[in-house]
Amino acid sequence: MSELATDKPPEEAEIKNDPRVPAELNNNVFITTLDKIYNWGRKRSMWPMLFGLACCAIEMICTAASRHDLARFGWELMRPSPRQADLMIVSGTVTKKMVPQIVRLYNQMPEPRYVIAMGACATSGGPFKEGYNVVSGIDKFIPVDVYITGCPPRPEALLHGFVKLQEKIERQSVRTVRWYRKGVEVSVPVPILGPDLTDLRRAQEIADRVKAPQPAAETPAA
Amino acid sequence: MAETTTAPAKAAPAPAKPHAEKKQPVPLAPMTPEMAAVQERFGEGLIQSAPFEGLLVSDAAQSLEVARFLRDELGYDMLSNETAADYIKDGAIELVHYVSRTSGGRPLCFKTRIPRDESVAVPSLVPVYPGAEFQEREIHDMYGVRFTGHPDLRRILMWEGFNGWPLRKDWREVYYEGDTKPFDSRWPGGNHQMAEERVPWADNVAYPAEYDPGTYQPDPDGSIYASMMENAPTDQAPLEAGVDDILSQSAAMKTDQLIINMGPQHPSTHGVLRMVVKVDGETITDLKLVLGYLHRNHEKIGERNTWLHNMPYTDRLDYICGLANEMGYAMGVERLLGITPTERVEYLRVIMAELTRIQSHFWAIGFLLNDLGAFYTPALYFITERDLIIDLFETVTGSRMMCNYMRFGGVSRDLTPEYLTRARELVHERIPRAIDQLDRLLAENEIVKARTIGVGYMPAERSIAYSLTGPCLRAAGVPFDIRRADPYSIYDRFDFDIPVLYGGDVYDRFRVRVLEMRQSLRILEQALAQIERTKPGDIQAGKKAYNHRVPAGQVYSRVETPKGELGFYLVSDGAQNPYRYHVRSSSFINLNSMREMTVGQKVADAVVILGSLDIVLGEVDR
């Protein structure tokens, strides 16, 4: 914990004993900021959701297996329930048929929650982008914290993504994070499967524009 | 009628290939004795030779009778592949069937044509070949073909209510840019625009004019639940007659049947499969599968790509064993091109394919144990071994899973110097020990036996009827392995056996996989020795090419992947991209039999049965 309390070497920390601390507690108590201890705990005990979509899930499983050993980072507990998860790894192609379920799972995760878009498909649609059943990246629907390139990313790349997410967590502060603020609604409306995938946040726009005459529908493309 | 249909049908083949340069008429398939027997039985009015391959049944309504004759009289007991192709210039959709004999030999193809408008229905082949059920649903989903007599004709990959029939040639997806790649805008100028910038919604969506999301009532699951309620026993008779007697129709003891969804987010479903199960207590009374959560439009994309473009996509079909898929595709295109790979290439391919089989079976067994409740620990052992095999792939191809290794007539790289040493060490030392350990730990394990023996039983005849292939079929006592039944590549040179067990249950499927791994090792030992006789560096027949002009033709190329029969149905019209690119995936068709295996068993067994089928969702949904 001494490294955590301050970045300076221990002997320097010793000099800065707070005079308000009783003498018997000197050298027994570490003083740090709330943000540091809070983020230190969080970043080392992430529970990713066991949730595989496609090819990337295989590399995700390999990352958790003995050779790459995700547990070194304190992330080993993968369980399939969103209610206990801190992190969603979108590991594979996001299809239109699947995206309502992914959004629902995201909404069921408690705050603080993070999303990693693993691989080209989850980031942008990847090699399957032009497909009629493929969503061009999960970030069209839910906010993504870390994008990992690769098709599929190697386990090392996934580990790198984890470390990047840890760095991001370190920089957060309890004073500013959204889950301690009032009135910040972050659940995403679950899209519906109509004649095509419908993002309900754009329902009004869709209703207006499909009814509008032909030119109006074409102008936004220009 | 016979005379009138004969003439146009014979003339029809020529315009069947829209982009083909019409220099010579399309060759008709040569008659084999089996084909002649069909023609003799049904007459020349109904049966002619089809262009390129197979028989043409000129009246679609008769196709069921033809199928019945093929099965009962000629012994074609298994429907390998059923698919369709849209010949838009002729205004016809062609239904293509490949039937095979489980005793071996080439598959027989028969086709029939129907008009493109959706009014015409064709008889479903499900009464003859139950294995057609999912395949016909897929044809319905992709082409809008209606089948009469199909037990459950709904969309299978897309959801109910989706707008359009995606694989029809005149149906264009939102990000449509051109008919063939490379697109003119990009080549050779290199100009491109992001797909999102080109389309009106800045997104991959399109809506019909009357659509109003405010009032639309989505009901994608309504038809599933409705169909499951339909076949519920109306009087809800209790399962045990004795209980019924004792309580004498007491309404209080009637058990309710519950419908439970497992998946698409569920640890047991190996991805994003969804099982809708109807349970009476713990017993499953009905099961329906909902597929398509990973449907990523492989075939539509494949028909736009150039031939070589599709190679990396085949890796992503069954992403555990990409190299085996590549082999099937490369062989298919080679047959169209008429090239023969060099000796060294054949050995390299066999080595890669057999290593793939071993690592895939390691994975399958590890996750079968996972499904049995041995959460992740056995899998860890097998993933360790699998990682070693994958390292070998990486040293040669540069990638762990998506190798993109094979080329038409060759492979992309030769072996690295240390490869053979490492491969021999694995094949002679490490993997046999790992398999022995696996066998010792699991084969006689009391819990494994208690949970798997007699579970998911499927007898041989039903397995064949359901077009079950791969280890699941061989565990039911049918010695059908494409490597022997319809030999390809250089498998006829190796000394190996096809392991067959007769239990037809989960336990035997697991044991057949263990035995197959040992046989793969035998092949590898021979191949690793014999490859020394070939010339290093000789890894491409002919010149290396990026853009192949494949002569017009059609081919059904099948290989034995670790999951079963993987077939590529390829139609070329002479252009630089496939006219039709269909994947007959074993995982998809094996799932067809899941319902029959599961009904009557416990819920926990459904998970195990699914694990024993060893599906990969990338191949199921494509």
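Atom set for the values below is all heavy atoms of this structure, side chains included, hydrogens, waters and symmetry mates excluded.
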**Q** Can you name the residues of residues 58-69 of chain A that have some heavy atom under 4.5 Å away from a heavy atom in chain B?
**A**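 Residues of residues 58-69 of chain A touching chain B at under 4.5 Å: A:Ile58, A:Glu59, A:Ile61, A:Cys62, A:Ala64, A:Ala65, A:Ser66, A:Arg67, A:His68.
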**Q** What option among A:Pro155, A:Pro82, A:Ser81 has the most heavy-atom pairs under 4.5 Å with chain B?
**A** A:Pro155
**Q** Highest number of heavy-atom pairs under 4.5 Å with chain A: which of B:Arg316, B:Lys300, B:Glu210?
**A**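 That would be B:Arg316.
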**Q** Can you say whether A:Ala54 sits under 4.5 Å from chain B via the side chain, the backbone, both, or neither, judging by heavy atoms?
**A** both
**Q** Does any non-hydrogen side-chain atom of B:Arg274 lie less than 4.5 Å from one of A:Lys97?
**A** no
**Q** Counting heavy-atom pairs under 4.5 Å to chain A, which of B:Tyr319, B:Tyr313, B:Tyr381 comes out on top?
**A**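 Top option by heavy-atom pairs under 4.5 Å: B:Tyr319.
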**Q** Of all the residues in residues 109-123 of chain A, which have a heavy atom that comes within less than 4.5 Å of a heavy atom in chain B?
**A**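 Those residues of residues 109-123 of chain A which would need a heavy atom under 4.5 Å from chain B do not exist here.
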**Q** Look at A:Ala57, A:Gly137, A:Ser136 and state which one has the largest set of heavy-atom pairs under 4.5 Å with chain B.
**A** A:Ser136
**Q** Which residue pairs pass the salt bridge (Lys or Arg N to Asp or Glu O under 4.0 Å) test with at least one member in residues 139-149 of chain A, sequence neighbours excluded?
**A**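 Counting only pairs at least two positions apart or across chains, the salt bridge (Lys or Arg N to Asp or Glu O under 4.0 Å) contacts touching residues 139-149 of chain A are A:Lys140-B:Glu196, A:Asp145-A:Lys168.
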**Q** Determine whether B:Asn204 and A:Lys96 make a side-chain contact, defined as any pair of heavy atoms from C-beta on separated by less than 4.5 Å.
**A** yes
**Q** Tell me if the CZ atom of A:Arg104 is crowded by more than 12 foreign heavy atoms within 6.0 Å.
**A** no
**Q** Looking at chain B, which one of A:Leu105, A:Val134, A:Leu193 has the largest number of heavy-atom pairs inside 4.5 Å, strictly under?
**A** A:Leu193
**Q** Output the option from A:Gly92, A:Pro127, A:Gly52 having the highest count of non-hydrogen pairs under 4.5 Å with chain B.
**A**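 Going by pairs under 4.5 Å, I would pick A:Pro127.
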**Q** Centroid-to-centroid, B:His295 to A:Phe128, below 6.0 Å?
**A**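 Centroid distance B:His295-A:Phe128: not below 6.0 Å, so no.
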**Q** What part of B:Phe382 lies closer than 4.5 angstrom to a heavy atom of chain A: side chain, backbone, both or neither?
**A**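 For B:Phe382, neither part sits under 4.5 Å from chain A.
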**Q** For B:Glu299, is it the side chain, the backbone, both, or neither that has a heavy atom closer than 4.5 Å to a heavy atom of chain A?
**A**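 For B:Glu299, no heavy atom lies under 4.5 Å from chain A.
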**Q** Could you look at B:Val620 and say if it's the side chain, the backbone, both or neither that has a heavy atom under 4.5 Å from chain A?
**A** neither
**Q** Where do A:Ile192 and B:Tyr216 come nearest, in terms of heavy atoms and distance?
**A** CD1-CD2, 4.3 Å
**Q** Can you tell me which portion of B:Ala379 sits under 4.5 Å from chain A's heavy atoms? Options are side chain, backbone, both or neither.
**A**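 When you check distances to chain A, no heavy atom of B:Ala379 falls under 4.5 Å.
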**Q** Closer than 3.5 angstrom, by distance alone: can the side chain of B:Gln265 be matched with the main-chain N or O of A:Ile102 as a donor-acceptor pair?
**A**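 No: the side chain of B:Gln265 does not pair with the backbone of A:Ile102.
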**Q** Looking at chain B, which one of A:Ile206, A:Leu53, A:Asp208 has the largest number of heavy-atom pairs inside 4.5 Å, strictly under?
**A**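 Among the listed options, the one with the most contacts to chain B is A:Ile206.
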**Q** Is it true that a side-chain atom of A:Asp196 and a backbone atom of B:Ala206 form a donor plus acceptor pair closer than 3.5 Å?
**A** yes
**Q** With chain A, which of B:Leu380, B:Asp212, B:Val205 has the greatest number of heavy-atom pairs at distances under 4.5 Å?
**A** B:Val205
**Q** So which part of A:Gln101 gets closer than 4.5 Å to some heavy atom of chain B, the side chain, the backbone, both or neither?
**A**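 The side chain, not the backbone.
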**Q** Do you know which two heavy atoms are closest between B:Glu173 and A:Tyr132, and how far apart they sit?
**A** CB-CB, 3.8 Å
**Q** For chain B, which of A:Met78, A:Met49, A:Met98 has the most heavy-atom pairs under 4.5 Å?
**A**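 Winner by heavy-atom pair count: A:Met98.
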**Q** Could you go step by step and tell me if A:Arg202 and B:Asp203 meet the salt bridge (charged side-chain N to carboxylate O under 4.0 Å, His left out) rule?
**A** CA-CA 11 Å; A:Arg202 296 174 71 189; B:Asp203 214 341; 3.8 Å; yes
**Q** Using the ring pair (Phe, Tyr, Trp, His ring centres under 6.0 Å) criterion, which residues pair with A:Phe51? Sequence neighbours excluded.
**A** none
